[in-house]
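Have a look at the structure below, then the notes.
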Amino acid sequence: MNGPQDVGGRHGFGTVVPEDESLRFHADWEKRVLGVTIAAASLGHWNLDASRFARESLPPAIYYGASYYEIWLRALEGLLERAGEVSKRERSTGRAETRGLRAERCLSADAVDAVLSKGSPSSRPGADPKFSIGDMVRTLNLQPSGHTRLPGYARARTGRVTAYHGSHVFPDTHSSFDGEKPCPLYTVCFEAVELFGETADPTLSVSIDAWEPYLERA
Amino acid sequence: MNGPQDVGGRHGFGTVVPEDESLRFHADWEKRVLGVTIAAASLGHWNLDASRFARESLPPAIYYGASYYEIWLRALEGLLERAGEVSKRERSTGRAETRGLRAERCLSADAVDAVLSKGSPSSRPGADPKFSIGDMVRTLNLQPSGHTRLPGYARARTGRVTAYHGSHVFPDTHSSFDGEKPCPLYTVCFEAVELFGETADPTLSVSIDAWEPYLERA
Amino acid sequence: MHDHSETDGDMDDMTARVLALETVLVEKGLIDPKAVEAIIETYEHKVGPRNGAAVVARAWCDEDFAELLERDATAAIASMGFVGRQGEHMVAVFNSSVEHNIVVCTLCSCYPWPVLGLPPSWYKSPAYRARAVREPRSVLEEFGIALPKETRIRVWDSTAEIRYLVIPERPTGTEGMSEAQLSDLVTRDSMIGCGFARSPGPA
Amino acid sequence: MHDHSETDGDMDDMTARVLALETVLVEKGLIDPKAVEAIIETYEHKVGPRNGAAVVARAWCDEDFAELLERDATAAIASMGFVGRQGEHMVAVFNSSVEHNIVVCTLCSCYPWPVLGLPPSWYKSPAYRARAVREPRSVLEEFGIALPKETRIRVWDSTAEIRYLVIPERPTGTEGMSEAQLSDLVTRDSMIGCGFARSPGPA
């Protein structure tokens with residue numbers, strides 16, 4: 001979606017404020033958001049792509065006014081509500097009114113290390129790739145209202161394939177629970193002048209990782 | 001600028017809420033913002049394009065969280081501060097600490113009708129137009145950090161010239177007080193599929209008004 | 001974006017904020033409170049969509065006027081006394097059974113003040129500005145308007161100082177009505193392209 | 001975007017908000033508070049940028065490892081025991097005197113957790129995400145870094161599940177230093193491309 005998350009190349013967000021690397025959290029509530037978000041993912045009501053879609057679907061005024069942990073929390077609330085696990089009223093009272101639907105999938109403390117260490121690889125067996133490293137490709141002008149990972153600044157632009165990563169789960173379908181539909185994933189590199197116009201930094205190139213359905217031969 | 005104002009074609013802003021046409025204002029403070037904004041423009045510290053730039057330069061979190069009259073007020077505060085007329089401290093105390101710089105240009109009540117009726121035409125004598133009605137043109141990939149009136153959704157797109165309006169003040173320079181630099185102004189019409197991709201409404205076309213420096217022959 | 005039912009606190013803040021600024025400006029002699037009042041009075045009571053409705057009604061009744069409106073809308077509209085700020089360069093666009101016109105300003109809130117007055121909140125909302133250019137049919141549905149599938153839609157994004165006035169189709173069953181009667185059928189929304197003129201008869 | 005000095009009120013709201021959700025989830029048996037604690041413990045104390053620094057130091061010292069890191073970063077990094085969530089598919093990119101690499105996720109906050117831990121606030125900020133792809137030099141200036149004008153810059157936007165680790169250049173004057181000593185020179189920011197490794201000597 002052309003949502004608030006799609007900020008690459010946009011103006012007006014101000015300066016970047018470096019931060020000491022020893023700092024892990026800015027407040028205790030951020031820790032809880034991290035822990036609860038990861039633990040709740042084990043219930044299996046959604047996948048990573050669906051959770052990204054929930055975050056970028058927050059209204060722009062909220063998205064831009066929130067820290068990233070607040071974005072996580074608000075998205076998590078919505079995901080749990082749509083899964084039928086926690087209603088708005090339960091959130092506001094802090095008291096459960098119904099039983100959990102998937103308590104049997106509750107992540108136990110014992111299992112945390114194994115789950116975090118295992119991760120969730122997104123590579124899958126898939127079709128042979130249509131493009132080869134070195135090919136010039138053009139991104140399509142895709143503007144779905146649903147989730148996509150083709151950023152706006154790199155839409156309808158010509159670049160070169162610099163890597164092929166095998167087939168990966170396709171977020172555009174996976175995010176809406178329409179299947180993993182794995183397809184070839186490439187790194188595509190663009191000159192900045194192609195992306196941002198003739199006044200862009202001539203020493204700069206930018207790459208994205210792009211699934212085959214985002215691309216056509218240039 | 002690729003700022004918060006550039007919302008054409010973006011997702012996530014929700015529904016449109018119709019409003020009875022007898023409603024003029026939602027609160028008395030909106031009336032004051034209207035009146036003060038128009039009256040203060042007579043001081044001549046800025047022009048219409050500069051005031052638009054001030055509005056779109058508000059941080060996105062503020063821009064999207066504000067009603068339009070709030071956007072006007074916040075921008076007016078910034079314009080008056082940069083003009084040296086009203087400091088931040090004066091705003092917060094509500095008490096003047098220095099004299100007005102351009103009190104001699106204060107809009108009098110008597111002059112209001114004439115000023116509003118006269119308006120500020122932006123047409124100017126200018127060069128002959130490079131394009132003719134019916135010509136196919138392509139908008140350039142212009143992404144200045146300053147003010148521009150080429151919306152993002154219509155950048156690097158091909159359309160047809162459907163009207164020529166003579167030369168008009170060029171907002172890209174006028175907004176930064178770099179001169180009126182009038183140039184030919186056209187209406188350029190695009191098919192929606194050209195703008196938004198193949199899934200767009202095939203019965204839809206969208207036109208923008210575009211100054212000649214935004215265009216090249218297609 | 002602005003939910004007025006939840007923002008009474010905000011509005012008080014805004015009242016204080018604009019009052020502080022206005023007070024300082026008046027104290028410095030930079031604005032005259034009477035001028036501010038005169039501006040408010042103009043757009044609260046004098047300049048509004050009934051101006052545009054009169055233009056539309058005349059165009060329905062007077063072919064010469066309609067022709068001038070199509071050729072030089074600024075002159076045609078000025079001939080009825082409607083001139084000034086945010087209407088310096090007017091273009092009239094005519095709806096028909098095959099094409100429907102809609103006006104938007106995606107980049108700010110440009111609107112033809114001399115004929116329509118101040119824009120409604122929704123016209124200035126990111127929702128309208130974002131969606132009018134991409135999915136006008138779904139926007140029209142929120143106004144209770146369904147266009148035939150085959151009707152062509154042309155959206156006019158007011159990116160310069162040209163201001164657009166939509167001339168809606170004359171409703172059927174209005175033969176013999178006076179200009180004044182006809183103008184009562186012309187809604188503001190129909191002159192933006194987000195509605196039709198009303199049919200005559202009991203409201 | 002989030003000014004922490006001004007948002008103590010907000011943070012209290014957030015504390016209450018997450019507490020309410022967590023309480024309901026625990027009551028329903030959907031999360032185990034001990035699991036939540038174990039997750040926090042992992043990313044607060046166990047998994048962080050010292051992992052990545054060890055990878056970089058080894059790459060500086062061990063040509064075979066560097067070669068494997070370039071060819072199959074996932075395997076190379078796993079060989080040091082760093083695996084898991086948000087590091088399933090790793091790519092290492094090597095800075096040189098002619099090319100500087102920078103990593104961003106313009107669409108959310110993708111980041112190589114097993115080697116760098118949790119991303120810093122700025123990495124997730126719209127400011128960094130917006131500007132890293134368009135004007136990385138001015139972003140680097142805000143980190144106190146000036147790149148030579150002729151240095152090529154390559155920005156890696158993490159739009160899929162591939163995670164990028166920048167291998168900064170080995171500082172001069174580090175001959176004979178141990179891997180452990182070298183890893184102390186490797187800053188988190190240098191592994192994102194927003195800094196250089198430190199020079200040895202008094203800090």
Side-chain angles (χ1 to χ4, degrees), chain B residues 5-10 13-19 21 24 26-27 29 31-36 38-40 43 52 64 67-68 70 73 77 85-86 90-91 94 96 99-100 103 106-109 112 116-119 121-123 149 151 153 165 168 185 196 203-209, chain C residues 1-2 4 11 14-15 17-18 20-25 27-32 34-36 38-40 42-44 49 83-85 87-89 106-109 118 120-122 124 126-130 133-134 136-137 139 142-143 151-157 159-162 187-188:
Chain B
Q5 87 290 356
D6 188 21
V7 297
R10 300 198 70 79
F13 289 109
T15 56
V16 176
V17 183
E19 189 171 276
E21 82 172 60
R24 290 287 179 277
H26 296 84
W29 68 264
K31 301 182 191 178
R32 306 314 298 181
V33 172
L34 173 78
V36 173
I38 293 177
L43 301 173
R52 288 193 184 123
Y64 293 132
S67 71
Y68 215 82
E70 182 177 340
L73 177 58
E77 291 170 346
E85 289 287 24
V86 182
E90 288 174 316
R91 292 203 307 272
R99 296 186 49 183
C106 176
L107 177 67
S108 69
V112 165
L116 296 180
S117 299
K118 182 163 171 271
S122 61
S123 54
R149 295 292 287 185
Y153 75 84
H165 302 286
H168 282 247
L185 178 70
F196 304 118
T203 66
L204 174 61
S205 58
V206 179
S207 64
I208 64 169
D209 294 330
Chain C
M1 294 302 300
H2 204 67
H4 295 280
M11 287 209 227
M14 293 307 295
T15 299
R17 193 163 179 155
V18 67
L21 185 66
E22 185 175 356
T23 304
V24 174
L25 286 167
E27 213 182 320
K28 293 189 182 214
L30 294 170
I31 62 170
D32 173 353
K34 287 187 191 131
V36 173
I39 293 164
I40 295 168
T42 299
Y43 293 110
E44 189 166 22
V83 295
R85 192 176 197 282
E88 295 90 344
H89 309 283
T106 63
L107 296 174
C108 52
S109 61
L118 301 172
S121 288
W122 58 260
K124 301 179 282 184
Y128 180 72
R129 291 157 52 195
V133 290
R134 174 194 288 275
R137 286 176 192 275
V139 172
E142 288 162 20
F143 285 89
T151 302
R152 282 188 280 115
I153 301 182
R154 171 124 181 216
V155 176
W156 303 79
D157 188 358
T159 55
E161 301 311 321
I162 314 299
T187 66
R188 175 198 59 201

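Because only heavy atoms are used, hydrogens play no part in the values below, and waters and symmetry mates are left out as well, while side chains stay in. Residue numbering restarts at 1 for every chain, and letters A, B, ... go by the order of the sequence lines. Since the structure is predicted, the reported quantities are computational estimates derived from the model, not experimental observations.
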Look at [options] and state which one has the largest set of heavy-atom pairs under 4.5 Å with chain C.
options	value
B:T15, B:D6, B:V17	B:T15
B:A39, B:P18, B:A103, B:S108	B:P18
B:G9, B:G94, B:S122	B:G9
B:R10, B:R91, B:R52	B:R52
B:V112, B:L73, B:V16	B:V16

Work out which heavy atom in [X] is nearest to a heavy atom in [Y]; give both atom names and the distance.
X	Y	answer
B:P151	C:T106	CB-OG1, 4.1 Å
C:G29	B:C106	O-CB, 3.3 Å
C:R134	B:F196	CA-CE1, 3.7 Å
C:V36	B:V36	CG1-N, 4.1 Å

*Evaluate the criterion side chain to side chain contact (heavy atoms under 4.5 Å, CB included) for residue pair C:E27 and B:E90; output intermediate values, then yes/no.*
CA-CA 11 Å; C:E27 213 182 320; B:E90 288 174 316; over 6 Å; no

Of the backbone (N, CA, C, O) and the side chain (C-beta and beyond), which part of [X] lies under 4.5 Å from a heavy atom of chain B, both, or neither?
X	value
C:T187	both
C:S109	both
C:L118	side chain
C:V133	both

Find the distance between [atom1] ([X]) and [atom2] ([Y]) and round it off to the nearest 0.5 Å.
X	Y	atom1	atom2	answer
C:E88	B:S123	CD	OG	9.0 Å
C:C108	B:Q5	SG	CD	8.5 Å
C:E22	B:W29	CD	CH2	13.5 Å
B:R32	C:I40	CZ	CD1	4.0 Å

*Side-chain donor-acceptor pair present, B:T203, C:R137, cut-off under 3.5 Å*: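 Per modelled atom types, B:T203 and C:R137 side chains form a pair under 3.5 Å.
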
Is there a side-chain contact between [X] and [Y] in this structure, where contact means two heavy atoms from C-beta onward sitting under 4.5 Å apart?
X	Y	answer
B:Y64	C:P126	yes
C:R154	B:S207	yes
C:H89	B:P121	yes
C:M14	B:E70	yes
C:I162	B:L185	yes
C:V155	B:L204	yes
B:I208	C:W156	no

_Let's go through B:L43 and C:L30 carefully: what are the C-alpha distance in whole Å and the side-chain angles of both, what is the deciding distance for side chain to side chain contact (heavy atoms under 4.5 Å, CB included) to 0.1 Å, and is it a yes or a no?_
CA-CA 7 Å; B:L43 301 173; C:L30 294 170; 3.9 Å; yes

_Audit row: B:Y153, C:D157, side chain to side chain contact (heavy atoms under 4.5 Å, CB included) steps and yes/no_ = CA-CA 11 Å; B:Y153 75 84; C:D157 188 358; 2.7 Å; yes

*Verify side chain to side chain contact (heavy atoms under 4.5 Å, CB included) between B:H165 and C:E161, making sure each step is shown before the conclusion.*
CA-CA 10 Å; B:H165 302 286; C:E161 301 311 321; over 6 Å; no

Any idea which of [options] has the most non-hydrogen atom pairs under 4.5 angstrom with chain B?
options	answer
C:P136, C:P49, C:A35	C:A35
C:T151, C:T42, C:I31	C:I31
C:V83, C:V139, C:T23	C:V83

*Quick one: does C:R129's side chain have a donor or acceptor within less than 3.5 Å of a partner on B:V7's backbone?*
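The answer is no, because no donor-acceptor pair under 3.5 Å joins these two groups.
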
*asked:* Closer than 3.5 angstrom, by distance alone: can the side chain of C:E44 be matched with the main-chain N or O of B:R24 as a donor-acceptor pair?
replied: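 Flag not set: sc C:E44 to bb B:R24 has no pair under 3.5 Å.
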
Does any heavy atom of chain C fall under 4.5 Å from the side chain of [X], the backbone, both, or neither of them?
X	result
B:L116	both
B:V33	both
B:K118	backbone

